[in-house]
Student: 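Have a look at this one before I ask anything.
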Amino acid sequence: MTPPSVPFSTWILAAFDPILIVVAVYLGWKADQAGKIFIAAIAALGVTLLADWLITGIGIPWMAPVSRNAPTLLPVRSVAACLWAALAFGARRLFDAYRG
């Protein structure tokens, strides 16, 4: 599949993958430097792809499947992971500033 033939709703579902969100937010929250946001995003992307591939391989319907026949949408997932990690990093800084 070429990217233009993939429906826009699939792109959105890949960005809002629950596994991606949980891992990126957790690692972004734990990051103590802004540069670690990218490390958190890469880790979230890797965990998400492996988990989605396993879920799809088992045959469980998933909102953003990863398989040979389904688009991986790495650019969408990468940008989404960076955004989720950055939002968590920023929220943690605000939380610490408010509390401290």
Side-chain angles (χ1 to χ4, degrees):
M1 283 185 162
T2 58
S5 67
V6 177
F8 184 69
S9 61
T10 305
W11 291 69
I12 297 297
L13 290 175
F16 287 96
D17 187 334
I19 298 170
L20 177 77
I21 293 171
V22 168
V23 175
V25 166
Y26 176 76
L27 294 175
W29 185 268
K30 293 291 185 177
D32 57 353
Q33 299 172 354
K36 292 183 181 177
I37 292 171
F38 297 107
I39 303 298
I42 291 168
L45 181 64
V47 169
T48 301
L49 289 176
L50 286 174
D52 289 354
W53 176 70
L54 287 172
I55 290 169
T56 304
I58 293 172
I60 299 172
W62 191 245
M63 58 189 290
V66 175
S67 70
R68 183 175 25 175
N69 300 330
T72 307
L73 302 175
L74 286 177
V76 175
R77 292 176 192 264
S78 300
V79 170
C82 282
L83 289 175
W84 288 114
L87 285 172
F89 179 79
R92 175 70 185 263
R93 302 294 81 74
L94 287 174
F95 177 75
D96 288 344
Y98 178 74
R99 189 178 56 160

Student: Under 4.5 Å between side-chain heavy atoms, chaining through other members, with only Ile, Leu, Val, Met, Phe, Trp and Tyr counted: pull out the rest of the cluster around V66, sorted by chain and number.
Tutor: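 Members besides V66, by chain and number: L45, L49, W53, L54, L74.
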
Student: Search all heavy atoms of A64 against all heavy atoms of D52 and return the closest pair with its distance.
Tutor: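 Here A64 and D52 meet closest at O-OD2, 3.5 Å.
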
Student: So how far is it from F89 CZ to Q33 CD, rounded to the nearest 0.5 Å?
Tutor: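 Going from CZ on F89 over to CD on Q33, the span is 8.0 Å.
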
Student: Could you work out, with side chain to side chain contact (heavy atoms under 4.5 Å, CB included) as the rule, every residue matching I60, not counting sequence neighbours?
Tutor: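 By the side chain to side chain contact (heavy atoms under 4.5 Å, CB included) rule, I60 matches I55, I58.
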
Student: Can you measure from CD1 (I42) to SG (C82) and round to the nearest 0.5 angstrom?
Tutor: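 SG of C82 is found 7.5 Å from CD1 of I42.
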
Student: Quick one: side chains of residues 15-32, donor-acceptor pairs under 3.5 Å with protein atoms, not counting sequence neighbours, listed by atom name and distance.
Tutor:
from : atom 1 : to  : atom 2 : distance (Å)
D17  : OD1    : I19 : N      : 3.1
D17  : OD2    : R77 : NH1    : 3.3
D32  : OD1    : K36 : NZ     : 2.7

Student: Could you tell me which residues satisfy side-chain hydrogen bond (donor to acceptor under 3.5 Å, both in side chains) with R92, sequence neighbours excluded, listed by chain and number?
Tutor: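 Scan of R92 (side-chain hydrogen bond (donor to acceptor under 3.5 Å, both in side chains), adjacent residues dropped) gives D96.
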
